[in-house]
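What follows is a set of notes on a single structure, which appears directly below.
Quick caveat: nothing in here was measured; it's all calculated off a predicted structure. All chains are named by letter (A, B, ...) in the order of the sequence lines, taking the proteins before the strands, and each is independently numbered beginning at 1.
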Amino acid sequence: MNAVLLTHPWSIWTIIVPLAAAVLAFLVPRRAPLAGIITALSVALFVAATAYRIFLAGPHIQLLGGWQAPLGITLRVDGPALIMLLTSGLVGLTVSFYAAGYFTAADRQERRQQHYFWPLWLLLWAGCNALFLSGDLFNLYVTLELVTLSSIALAALNGSSAALDGAMRYLMAGLLGSLSYLLGVALIYGAYGTVDLTLLGQTVRADGLSRAALALMTAGLLLKTALFPLHFWLPPAHASAPPPVSALLSGLVVKAPLLILFRLWFEVFPDTATAGMAHLLGILGCGAIIWGSLMALRQQRLKLLVAYSTVAQIGYFFLLFPLARGEAAATAWVGVFLLVLAHGCSKASMFLVCGTITRLAGHDRLTGLAGAGGTLGARLLVFALAAVTLVGMPPSSGFIAKWLLINAAIVTGQWWYLATIALGTLLASGYVIRVLSLAFTESQSPPLPIAPRILRWPPLALAVVALLLGLAAFHPAVLTLAGAPVSGIILLEMVP
Amino acid sequence: MDPRDILSIVFLLAAAPFFLAGTIGLLRFPDVFCRLHALTKADNLGLGLIVIGLALQADTWLQSARLLLIWLLVMLSGATVAHLIARTALRAGRKPWSGRS
Amino acid sequence: MTELCAGLALFLLVTIVLGLIRIRRGPSDADRMLSAQLFGTTGVAILLLLGQATDRSFWWDVALVFALLSAVTAIAFVSRTEPAETAQEQRDEHGS
Amino acid sequence: MSVSLVYTAAGIILFLLGTYGLVAYAHLLRKILAANIMGSGVFMVFIAVAGRTPGAPDPVPHAMVLTGIVVTVAFTSVALALAVRIARTSNRAHLPGRDEEQR
Amino acid sequence: MTPGLLLLFDLLLPAVLLWLAWRSLTSSDLFRAVILFIAFSLLLALAWVRMEAPDVALAEAAIGAGVTGALLLVALARIESAAGRRLSPSARWRSAALVLTGTALLAAAAGLLWSLRLLPTMPGGLGPLVDRHLAESGVDHPVTAVLLNFRGYDTLLEVGVLLLAAIAIWCLDEAVPFLQQPLESQLLTGFNRMMLPILLLSSGYLLWLGSHAPGGAFQAASLLAAGMLLALFSGASLPAQWSGLPLRLLLVLGFFAFLAAAIIGPLTGRALLHYPPAWEKPLILLVEWLLTLSIALILTAAVIGGRPTGSRLYPPPSSPSAEGRRQ
């Protein structure tokens, strides 16, 4: 039994099962929610099996079609991929349950949303998992397109004018980003005759052509991951989509191009990328943290506030580029990957809470929620619980992640990044407290009905998981470094 | 020189004026109906002459047949399209040029 | 022979460039569609000539596809211009 | 081999022309055309690169371009459907700009 | 050989392509822009042929001349009937951001073109490797071998993207009646009567060609789709009882077959997409045939641009008149 557990290619089923389920959900729309839930449970199982295999047998490479690397495509089942798969499994499972309760067949319009949500989401899920596992530059392009196109369709799902505009903006940004990435791939193939990440890592020369290709691919991916100042498309798309979709877009989808960026910069082009380029990304990250947080503070609608908070949180991920240096490399690496996991869970939870609140109150205007108390107050408490991780308070995983990043900033002597992290945390507390204060003002509005159980538990579960991950952060931290391009000790204690 | 080659060259060279005429007609003729003539000349005769010229050079009958098929298809499409475009233009209320304007 | 074919192909490419002027001038959409149609035919001729000049017969397969599809765009154009599509006001999801 | 360099350069310029069109123009259909032109530029670089190898051209970039063309067609068709839907919902064929929101 | 004349051709063609692209982007009238883009696709196919990429040329010819042209023209008509035929506002040069973009793009052009000098003069490429393993792939044409065997995973996901596009389009909107009245023309009817069988045959020919020469499922599917479009334009439509589950089944058939062929490997202890030995050829052929049918339908669905109306899943609102009054 154990031999099968340790040798079977579990990870491919996280791609194949959603693909097959998407087809079934499209064929038999009435049974789509059932197909979705079964898929969610099985994907979670396959992710767990993959984690088990990596934990005991280490990272491994899977050949597709049985062909070796330059000819065939390989899958990389390593630590970074696993953390992403874990995020995808956790967020996907919870959102699937929530969506099963959220999309009902009440009327014609809703039935349409219900019927199309499932195939699109399952294709998106397959795309995400495929992207996380891919070890081939061109295959990454195809998976990225699968992710982008399904995200666009989901963003437009409710058919409102705002959603359609948001989806269109998303589409244009996505096209620009992916074509720019693809041109970089073309140049790389022209120079080295292969698109396999491992082989490229061994052969890439640090010359002008590699730098040009890296710049093209990075620019495209920055646009896709919505790093400030290329974030213009994200808030409208994320805020006007149905809440389960927003949760997926913010919790999962923005991380997809991010992983490609990490793989490119640390595995394929470690010598090509100069310190100046790394600092540029770091500075843009700082800009994102500050700008996104300030914009979040100014928003009048809960969903837009959460969406701008995503813009800010994306900034933290980019601190990896300047911070992962010398002896701080492993620390920063683990910190950022923990942050990806923490942000995925907490942000998805927050968007789901937004959805429940909107369902109950009929809107998500902050002024209108004042004095909500009662039912809404309980929802806002879940929001607060998720926000603990987002802001980075102990003992959440967000806290550990930021702690590691701060340590890395201190060790490498880059104080300004530390200052930005601190400022970002302060601003984040600001916009979270702004929301929470609503719950504690006096209630004037008539009591609202209690939300159905299926709309209450998933966000709470995610928020709790995000919080408790902080206590069990050791395992994910170790796994993150399995097969990672950086190594070293994780500096847990402050070493000024 | 092989007489077949000479014949080919004659046909190919003869094709060029038709294409040129087609283009010039497209540019100079007064209205869409007249320009249709220009188009069909190039389709039927220009391409036809080229096909004949090349078919003379072909090694096998199959290749010649393929060339002829291409020509037939282009003529078929050209005729249908010309008819439909003319009809659209007529229904849109455009009067054929009568030489007086 | 090859020189002649290559030269003719070049010449046909030049006539395409000249034909672009009609697309620019119009005046009607039908005129523009007509120019595109002529380009299709000229394209077939260029493919045939270059296939002969470089001795690659697969070019003729491409020419065949050109010839097969040369009507599709124009017919799409005609169908688009002729009957106007129904107004979309009474659509169900509009009011909800 | 210089011919392949000509096509590579043409591909890169096509890509940048398309980028300009995508950014500069408001009409959605124009943006979609621009994206298609960008894509063609990228494919041209792939194919030109494949033609540089000695002997027969490298089939792998050809296969990649075929994949890319299919993906581009998929994107184009969704983008067009979305543009039509926007035109019907809001009676406009462009995205609301900043100045328009203020008006 | 005539390097001189062909070289001239190779210099003129990219120049014309660039010019067409530029005109297509900047011409004030959108219909003109679309026509210029169609002309651009035509000449692009010539360029692929010149660069000895026959598979790509066939795909470009089939897609660019057929499906994309129809897609664009139909979409343009629909956009203009809803939003009005307006001249597209030209680039707003006033805006400083745009000047900045333009400058940045020029700088990027300079940098990229300059970096091209670093391309290796004698690159290896994967051609020899593909040739070495061609015999094991099950087909005799290198590009098909790469598409359906060596990099079959890409193709599997790519077909997924195509299916996704169809689902997305169906999700976005309901199909409007494609034509208010069919194009009544005896000539067109006759043309179709001749053309449809020829298109069907040629589609089969390209598919058959694909196993040993340039051609293949996508090219064949584009031809088939062109045939369906011709039928559609002259008023044909799918019977209502076919537009529900049967149509959906046909749309997913190719993808599902490919997926099924892919998982034979892991179920029998091999890698994903590792076909059982000696079964490569029949499996690839089966997958290609079904893919052709599904892709053709997906492309046609893309031009129609919406989910079928009147299916039992989304019955029309109970009383349309009441709906009308409400607005």
Side-chain angles (χ1 to χ4, degrees), chain B residues 1-2 5 8-9 12-13 15-16 18-29 31-33 35-36 38-40 42-44 46-47 49-51 53-55 57-59 63 66-67 69-89 91-92 94, chain C residues 1 3-5 7-9 11-12 14-23 25-49 51-53 57 60-61 63-75 77-83:
Chain B
M1 211 175 200
D2 191 347
D5 281 359
S8 271
I9 291 172
L12 289 178
L13 282 177
F18 282 99
F19 276 99
L20 189 63
T23 307
I24 291 177
L26 194 69
L27 290 180
R28 302 291 306 163
F29 281 172
D31 75 351
V32 67
F33 303 100
R35 286 178 208 132
L36 276 170
L39 172 76
T40 40
D43 273 356
N44 300 347
L47 189 64
L49 289 170
I50 284 183
V51 160
L54 292 181
Q57 293 288 313
D59 303 324
Q63 280 190 329
R66 190 152 64 148
L67 285 169
L69 174 68
I70 290 173
W71 183 32
L72 284 176
L73 283 172
V74 169
M75 280 212 294
L76 190 64
S77 303
T80 312
V81 166
H83 165 77
L84 288 174
I85 288 184
R87 201 176 68 153
T88 309
R91 292 197 182 168
R94 309 181 120 240
Chain C
M1 199 67 206
E3 285 89 350
L4 179 64
C5 286
L8 263 179
F11 168 76
L12 291 184
V14 174
T15 64
I16 285 189
V17 176
L18 288 178
L20 288 174
I21 300 172
R22 179 51 70 194
I23 295 191
R25 281 204 205 138
S28 73
D29 288 352
D31 292 297
R32 300 197 167 103
M33 196 66 239
L34 218 55
S35 329
Q37 194 67 25
L38 181 64
F39 293 172
T41 309
T42 317
V44 170
I46 292 180
L47 281 169
L48 293 180
L49 288 168
Q52 179 75 27
S57 75
W60 292 359
D61 283 328
L64 181 69
V65 172
F66 263 43
L68 280 167
L69 298 183
S70 61
V72 174
T73 316
I75 291 177
F77 159 75
V78 173
S79 82
R80 144 212 135 94
T81 346
E82 256 191 13

Practice problem: Sort Q37(C) into side chain, backbone, both or neither according to what part of it lies under 4.5 angstrom from a heavy atom of chain B. | Solution: both
Self-check item: Heavy-atom proximity to chain B below 4.5 Å, by part of L34(C)
Solution: both
Quiz item: Distance from M75(B) atom CE to S70(C) atom OG, nearest 0.5 Å?
Solution: 12.0 Å
Quiz item: CG/D61(C) to CD1/I70(B) distance, rounded to the nearest 0.5 angstrom?
Solution: 8.0 Å
Quiz item: What pair of heavy atoms forms the shortest contact from I85(B) to A30(C), and how long is it?
Solution: CG2-CB, 3.9 Å
Quiz item: Heavy-atom distance under 4.5 Å to chain C: side chain of L67(B), backbone, both or neither?
Solution: side chain
Quiz item: What is the minimum heavy-atom distance between C5(C) and L12(B), and which atoms define it?
Solution: SG-CD1, 4.1 Å
Quiz item: Roughly how far apart are M33(C) CE and L84(B) CG, rounded to 0.5 Å?
Solution: 11.5 Å
Exercise. Would you give the length of the straight line joining atom CG of L73(B) to atom CZ of F66(C), rounded to the nearest 0.5 angstrom?
Key: 14.0 Å
Self-check item: Given T42(C), L38(C), L12(C), V14(C), the one that forms side-chain contact (heavy atoms from CB on, under 4.5 Å) with T23(B)
Solution: L38(C)
Quiz prompt | Contact origin within L72(B) toward chain C - heavy atom pairs under 4.5 Å | solution = neither
Quiz item: So what's closer than 4.5 Å to chain C heavy atoms on I50(B): side chain, backbone, both or neither?
Solution: side chain
Exercise. Drop me the distance from I75(C)'s CD1 to T80(B)'s OG1, to the nearest 0.5 angstrom.
Key: 6.5 Å
Self-check item: Interface moiety of L64(C) toward chain B, non-hydrogen atoms closer than 4.5 Å
Solution: both
Exercise. Would you give the length of the straight line joining atom CG of L8(C) to atom CZ of F19(B), rounded to the nearest 0.5 angstrom?
Key: 9.0 Å
Exercise. With a 4.5 angstrom heavy-atom cut-off, could you sort out which part of L47(B) is near chain C: side chain, backbone, both or neither?
Key: side chain
Quiz prompt | chain B contact via I16(C) - side chain, backbone, both or neither, heavy atoms under 4.5 Å | solution = neither
Quiz item: Within a strict 4.5 Å, meaning less than it, do heavy atoms of the L18(C) and I24(B) side chains meet?
Solution: no
